[in-house]
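One structure is given here, and the rest of the page talks about it.
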Amino acid sequence: MNIIKNISPIHLLLVDDNEHDRIAFRRSLEKAKIAYNIIEFFHAEEALDYIHCNPYSIDLLVSDQKLPGMSGLELCHQILREGIEMPLIIITGAGTEHLAVKALKAGVNDYIIKDSAGRYLQLLPLVLLDVAKKHREYLLRRRTEDRNILIEDILNKSPIGIAVHSIEKGNIEYLNTTFKEIFDLGESNPDTLRDIFKKTLFTDQHAEEMQRILLSPAEYLPSLPKHWPEVQLSSNRKKKKIINISCIPLADNNLMLCSIQDTTEIKLLHNRVIHSERLAATGQLAASIAHAINSPLQAITLMLSELSAKHDREKELSESILLLREAYNNIKHTVNRLLDLNRPGREKEQLIDINAIIEETAALLQSQLRKNKVEVKLQLSSSLPPILGSHQELAQVFLNLINNAIEAISGFSKLEPRYRFRMNTSGEIIIKSRISKNQVIITIKDNGPGISAQDLDNIFDPFYTSKKKMGIGIGLAACYTIIEDHGGRITAGNLSEGGALFTIKLPLDKNLSTGVGNDE
């Protein structure tokens with residue numbers, strides 16, 4: 001018999017109560033030159049106990065059908081019910097078509113019918129090798145499928161967008177979920193990377209380089225640039241993002257791996273850290289300057305008091321002293337604001353009503369609003385719960401923001417010729433409050449000229465100001481510090497229809513927000 005010798009031994013479990021048949025079984029394997037290790041049992045129950053203890057040590061189970069106690073088919077049934085994976089073969093001396101069909105339907109891999117002449121022993125090695133081979137191939141396929149599913153899951157859950165582009169075919173071979181999310185592709189499946197990049201607003205330089213790579217013949221790819229850090233893009237939703245792009249040739253330059261990492265949040269966090277460090281340093285500097293100014297200011301106020309007392313009947317001199325007092329008070333107020341940059345927050349454990357603070361602040365500025373023909377519209381949510389914070393400091397924030405809006409509205413038509421057509425339009429400031437995701441959100445928007453791109457990048461920096469004549473640039477820096485000290489965030493931007501928009505987000509105390517729903 002010409003049997004190909006198997007390379008690795010087959011680990012067999014033989015269940016047969018007939019010693020003569022077991023000896024014949026082993027001899028048939030040796031004659032066919034099959035490498036094997038065999039464990040023998042007389043009873044199915046003993047074999048089942050062994051399998052429970054060693055479920056992964058058996059390559060193949062061969063069982064006689066007729067056994068004392070549990071039959072061979074019942075043993076196979078039990079193994080299959082328990083989900084133990086191993087190929088099963090039944091040998092029977094009284095086989096019928098009915099038994100064969102029943103065994104195969106149950107999940108048995110094959111069966112062999114004994115004949116009195118012993119010819120089945122010649123067939124036995126072929127069946128064993130075939131069943132063992134098919135089972136190993138099945139396990140290999142399943143492991144490959146499981147590994148592919150795992151790899152697919154890993155790629156889709158990766159924070160890096162991945163696309164594989166065929167240079168030869170010119171189409172996308174693979175696109176993971178993160179890549180689609182970065183470019184806002186939704187459920188669409190574009191054919192090429194060019195289709196994606198054409199609909200994305202990159203800087204001209206980066207767009208040109210990326211197009212050049214995708215259109216280049218494979219032999220030129222190694223010499224082309226492959227990495228662009230901090231590329232800014234605008235997606236279909238016009239949301240600006242900062243991304244890192246890498247394009248690397250794969251598989252003899254026939255495939256291009258394009259990886260995209262969205263670094264927008266990292267960049268924002270980095271900028272916030274830099275801003276906080278700069279704010280802390282300038283706050284300390286401001287505090288030292290303010291303390292140095294305070295000493296001569298105290299001497300000045302004492303001298304003014306003495307002069308006022310001595311010359312209270314001299315009208316002209318008294319009026320001059322009054323003007324000096326007002327100038328002194330302005331300097332003192334500025335010094336106090338400088339100190340606030342480095343002064344720890346106070347009154348943080350008081351329950352305050354945000355809406356009431358906004359209403360009080362707007363009422364205090366009524367005369368200034370009327371003078372500049374500006375109207376404040378309040379759209380405050382009635383469902384806002386109280387929050388923990390400082391009434392004084394948050395009032396200062398709203399005072400600064402409303403004052404800035406008034407100055408922007410009243411001054412822009414005179415300074416900017418392109419806005420002269422709105423000179424007769426009344427100014428408007430809209431203040432809204434609402435709840436969203438355990439936060440109080442306050443927006444303050446105006447119909448002024450908005451904020452220039454240069455100012456947006458530096459607007460909360462200490463001592464930065466765009467005011468031509470007045471202002472030292474600490475108002476918004478103080479606002480930033482106060483809101484951050486309350487565990488919140490303040491951001492600035494422009495409205496599409498024109499005008500500035502400031503957004504403040506303050507956290508709700510968990511104990512106070514129970515049962516409070518969103519306004520959205």
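Excluded from the calculations below are hydrogen atoms, water molecules and symmetry mates; all remaining heavy atoms, backbone and side chain alike, are included.
- Across all non-hydrogen atoms, the minimal contact from Leu378 to Glu359 is CD1-CG, 3.8 Å.
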Given the rule in the side-chain contact (heavy atoms from CB on, under 4.5 Å) test, do Ile358 and Leu394 qualify, once you have shown the distances and angles that lead to the verdict? CA-CA 9 Å; Ile358 294 171; Leu394 290 176; over 6 Å; no

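- In this structure, Leu257 CG and Ile162 CD1 are separated by 6.5 Å, a value rounded to the nearest 0.5 Å.
- Residues Val397 and Cys479 meet the side-chain proximity criterion, which asks for heavy atoms closer than 4.5 Å.
- Between atom CD1 of residue Ile160 and atom OG1 of residue Thr178 there is a gap of 9.0 Å, rounded to the nearest 0.5 Å.
- No side-chain donor-acceptor contact under 3.5 Å links Ser433 to the backbone of Asn355.
- One finds the CD atom of Glu85 at 10.0 Å from the CG atom of Leu80 (value rounded to the nearest 0.5 Å).
- Between Leu255 and Ser166, the shortest heavy-atom contact is CD2-CA, 3.8 Å.
- Closest non-hydrogen pair, Ser381 versus Leu384, comes out as CB-CD1, 3.5 Å.
- Each of Asn404, Ile442, Leu476, Thr443 was compared with Phe502 under the side chain to side chain contact (heavy atoms under 4.5 Å, CB included) criterion, and only Leu476 meets it.
- Asn176 places a side-chain N or O within 3.5 Å of a backbone atom of Leu155 that can act as its donor or acceptor partner.
- Remark: Leu401 CG to Ile504 CD1 distance equals 5.0 Å, nearest 0.5 Å.
- Just one residue in the list Asp446, Asn447, Ile409 forms a side chain to side chain contact (heavy atoms under 4.5 Å, CB included) with Val374, and that residue is Ile409.
- Without hydrogens or angle criteria, Asn494 side chain to Ile451 main chain gives a donor-acceptor distance under 3.5 Å.
- Nearest heavy-atom pair, Leu495 versus Ala500, reported as atom, atom and distance to 0.1 Å: CD1-O, 4.0 Å.
- Residues His486 and Ser390 meet the side-chain proximity criterion, which asks for heavy atoms closer than 4.5 Å.
- Taken from NZ in Lys505 to OG in Ser436, the straight-line distance is 7.5 Å, to the nearest 0.5 Å.
- Lys377 meets the salt bridge (charged side-chain N to carboxylate O under 4.0 Å, His left out) test with Glu428; sequence neighbours excluded.
- For Asn156, the side chain to side chain donor-acceptor pair (under 3.5 Å) criterion is met by Glu152, Thr177, not counting sequence neighbours.
- Of all non-hydrogen atoms in Ala163 and Leu175, the two that sit nearest each other are CB-CD1, 3.4 Å.
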For Ile441 and Lys432, run side-chain contact (heavy atoms from CB on, under 4.5 Å): C-alpha distance rounded to whole Å, both residues' side-chain angles, the deciding distance at 0.1 Å, then the answer. CA-CA 8 Å; Ile441 299 179; Lys432 293 183 180 181; over 6 Å; no

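- How far OG of Ser158 is from CD of Gln261: 9.0 Å, rounded to the nearest 0.5 Å.
- Under the 3.5 Å distance criterion, the side-chain polar atoms of Gln439 are left unmatched by any main-chain donor or acceptor of Ile435.
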Stepwise side-chain contact (heavy atoms from CB on, under 4.5 Å) test for Glu181 and Asp262: CA-CA 10 Å; Glu181 290 173 352; Asp262 188 345; over 6 Å; no

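- A donor-acceptor pair under 3.5 Å links the side-chain atoms of Asn372 to the main chain of Gln368, judged by distance alone.
- Contact record, Ala408 with Pro449: O-CD, 3.5 Å, taken as the closest heavy-atom pair.
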